[in-house]
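Structure first, commentary second.
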2 protein chains.
Amino acid sequence: MARILIIEDEQDLAGLVDYNLRAAGFETDTANTGAGGLARARAHPPDLVLLDLMLPDVAGGEVLRMLKSDPEMKKAAVVIVSAKGQEADRIQGLELGADDYVVKPFSVRELLLRVKAVLRRADAEEGPAAVLAAGDISLDTSRHQVRVKGEEVILTALEFRLLRTLLERSDRVQTREVLLSDVWGIQAEIHTRTVDTHIKRLREKLGPAGDIIETVRGVGYKLSPP
Amino acid sequence: MARILIIEDEQDLAGLVDYNLRAAGFETDTANTGAGGLARARAHPPDLVLLDLMLPDVAGGEVLRMLKSDPEMKKAAVVIVSAKGQEADRIQGLELGADDYVVKPFSVRELLLRVKAVLRRADAEEGPAAVLAAGDISLDTSRHQVRVKGEEVILTALEFRLLRTLLERSDRVQTREVLLSDVWGIQAEIHTRTVDTHIKRLREKLGPAGDIIETVRGVGYKLSPP
DNA sequence: GCGCTCGGGACATCCATGTGACATCCATGC
DNA sequence: GCATGGATGTCACATGGATGTCCCGAGCGC
């Protein structure tokens, strides 16, 4: 079973997470500072790092950067844990190469789901098929690459995530709330044009193939392969 | 819509929460003691339990343990409600298998968001099979898609909700008032042709299959499968 | 400083929806 | 069988809400 490194300064929370991950059959390791976490990671490269962005010593973002710059530790998937409201962190984390994030306070079930999902993806990538496809679009999760009719299309981290979410749930309608929650990590009602704007950008970049992202008026969006 | 059981000893708070959950379209049930709550849960297994940890009789944690140990009630998601600062409760609650946690005083909005998020997650975990059918008509909730003899029929959001409501209550007559309340969310007497108009549009779009929507003169409408 | 990304306000646009008027149907009483 | 009144079917249209689109400011890496 997979090795998970928890870098978190709140002892209570770290203990809780540790307990539950072990109960779910993972091997765990914990550190309560950024420096300590990096040391642990070097000593025993984990499969996944649970990283709190608010650490007493180093900034979480810095830890993430270090992790990703070391060829040995680079393979580890990273799930960001951040306090509610710090949305800038979230974006930044994703741009730096985090694989997912959960917002505090989170439920254990949610955390486990996300951890398992990330590990599953990481697993699948090692195999031959880490490619999601629909119509003319193919998305390679391991290379972080999208092609339309074989032509590469450059997407931002957020756009990639949005497209992947839609592809993983092909044919099922996703409400704006669900997308905000699963792609953005925000739990909120909608008053803004955020989702729409990014859907628009995605459609634009995908060109004619973007038509497979359907608007379901009054409900949300749906990707439906031909 | 989902069933929610509220176990809370403060009458005012219970009433407020109850009112708002109902307004949001949930079915609710309330109990103001732990023992009472367990009894209600046994009688009508809920989809989600809102559990106050500070109860007059049994400790909330004990209630949670009992809930989770009964195979029938185990399926219910649990959201803990507890006074601020009781960090220990939080840890304990989540370890015992609660799905989320709300700290008093909380805003109704926040509670609703969390309840919805938890239910959404629980839903996603169960199979995707959410297809209602009657005669030549089949309705797929997650895809938001309706087919008549395999042919897709495009419905608006409202028409879809109307058809789903009728399908869920096949063979039982629905008065216009009930439909207005459950499909439209309006509580009113009828002076307008609203329901009739939409029934008409639905029949039209369904073609010959639309005949299974029967008019029960003087009462309302009924969907009766052959 | 420049360029990129993202959020979200301010419109423009579109179409689903509610409504009242009228047509039609049907149960009822004679 | 027939007249009658109330219930239901049908229609056209305005209106508001939902979505598409544009654009600007903020934040960040280089």
Side-chain angles (χ1 to χ4, degrees), chain A residues 53 59-62 64-66 68-69 82 85-98 101 144 146 153-163 173-177 179-181 183-206 210-211 213-222, chain B residues 144 146 153-163 173-177 179-181 183-206 210-211 213-222:
Chain A
L53 280 190
E62 198 49 42
L64 180 49
R65 214 186 314 264
M66 305 276 285
K68 288 296 174 187
S69 67
S82 102
Q86 312 212 274
E87 293 170 18
D89 287 352
R90 214 174 287 138
I91 304 306
Q92 189 198 352
L94 284 179
E95 281 175 0
L96 287 172
Y101 42 59
H144 210 271
V146 173
V153 173
I154 307 295
L155 298 186
T156 68
L158 182 60
E159 287 158 2
F160 186 86
R161 217 180 144 69
L162 176 56
L163 180 58
V173 181
Q174 306 298 313
T175 67
R176 289 178 174 70
E177 282 82 3
L179 289 174
L180 266 191
S181 152
V183 177
W184 277 261
I186 302 171
Q187 264 182 28
E189 291 172 80
I190 311 277
H191 301 92
T192 71
R193 323 269 346 103
T194 301
V195 177
D196 306 65
T197 299
H198 286 279
I199 288 280
K200 186 216 166 222
R201 287 173 182 156
L202 199 47
R203 280 175 173 157
E204 213 166 64
K205 286 197 180 175
L206 294 177
D211 290 349
I213 302 178
E214 288 179 13
T215 301
V216 182
R217 189 167 246 267
V219 187
Y221 295 98
K222 174 173 92 167
Chain B
H144 208 268
V146 173
V153 173
I154 306 294
L155 299 185
T156 68
L158 181 61
E159 288 157 3
F160 190 87
R161 279 204 305 277
L162 177 56
L163 179 58
V173 183
Q174 305 299 314
T175 66
R176 289 179 175 69
E177 282 81 3
L179 289 174
L180 266 190
S181 148
V183 177
W184 277 261
I186 305 172
Q187 224 188 350
E189 290 173 72
I190 312 278
H191 302 92
T192 72
R193 321 262 358 97
T194 301
V195 177
D196 306 65
T197 299
H198 286 279
I199 289 282
K200 185 225 164 210
R201 287 176 182 153
L202 201 47
R203 282 174 171 157
E204 209 166 68
K205 287 196 180 176
L206 294 177
D211 290 349
I213 302 178
E214 289 179 11
T215 302
V216 182
R217 186 165 249 268
V219 187
Y221 296 97
K222 175 173 92 168

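We name chains A, B, ... by the order of the sequence lines, and we start the count at 1 in each one.
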*Under 4.0 Å between any heavy atoms, over every strand shown, what does B/Phe160 touch: base, sugar-phosphate, or nothing? Just pick one.*
nothing
*Taking only the side-chain heavy atoms of B/Thr197 (C-beta and beyond), determine which of D/dG9, C/dG20, C/dG7 contains the nearest atom.*
C/dG20
_When you compare the side chains of B/Arg203 and B/Thr215, does any donor N or O come within less than 3.5 Å of an acceptor on the partner?_
yes
_Strictly below 4.0 Å, N to O, side chains only: are A/Lys205 and A/Glu159 in salt-bridge contact?_
yes
_Separation of atom CG in A/Leu158 from atom C1' in C/dG8, rounded to whole Å_ = 14 Å
*Whole angstrom is fine here: how far is it from NE2 in A/His198 over to C1' in C/dC4?*
13 Å
*asked:* Counting distance alone, no hydrogens or angles: does the base of C/dC15 have a donor or acceptor under 3.5 Å from a partner atom on the side chain of A/Arg217?
replied: no
_Mind checking if B/Thr194 touches a base, just sugar-phosphate, or nothing, with heavy atoms under 4.0 Å?_
base
*Please assess A/Val216 against A/Thr175 for the test side chain to side chain contact (heavy atoms under 4.5 Å, CB included), listing each intermediate value before the final yes or no.*
CA-CA 9 Å; A/Val216 182; A/Thr175 67; over 6 Å; no
*Nearest nucleotide by nearest heavy atom, which residue falls closer to the 5' end of DNA chain D, A/Arg176 or A/Lys200?*
A/Arg176
*Roughly, in whole Å, what's the span from CG in B/Leu202 to P in C/dA16?*
14 Å
*Determine the interplanar angle of the B/Phe160 and B/His144 rings, folded into 0 to 90°, and report it as parallel if under 30°, tilted if 30 to 60°, perpendicular if over 60°.*
parallel
*Given D/dG20, is OP1 or OP2 found less than 4.0 Å from the side-chain N or O atoms of A/Thr215?*
yes
*asked:* Does C/dC6 have OP1 or OP2 under 4.0 Å away from a side-chain N or O of A/Trp184?
replied: no
_Output the rounded distance in Å from CZ (B/Arg203) to P (D/dC11)._
13 Å
*Check whether the side chain of B/Arg201 and the base of C/dG18 form a donor-acceptor pair under 3.5 Å.*
yes
*Spell out yes or no: do the side chain of A/Arg193 and the base of D/dG20 have one donor N/O and one acceptor N/O closer than 3.5 Å?*
yes
*asked:* Counting only side-chain heavy atoms from C-beta out, which of C/dC6, C/dA16, D/dT19 sits nearest to A/Tyr221?
replied: D/dT19
*Please give, in whole Å, the distance from C/dC6 P to A/Asp196 CG?*
16 Å
_Can you give me the closest heavy-atom contact between A/Arg176 and A/Asp196, atom names plus distance?_
NH2-OD2, 3.0 Å
*Once you round it to whole Å, what is the distance between P of C/dT5 and CD of A/Glu204?*
13 Å
_Value in whole Å for how far the P atom of C/dG18 lies from CG of B/Leu180_ = 9 Å
*Return the value, rounded to whole Å, for the distance between atom NE2 of A/His191 and atom C1' of D/dT19.*
16 Å
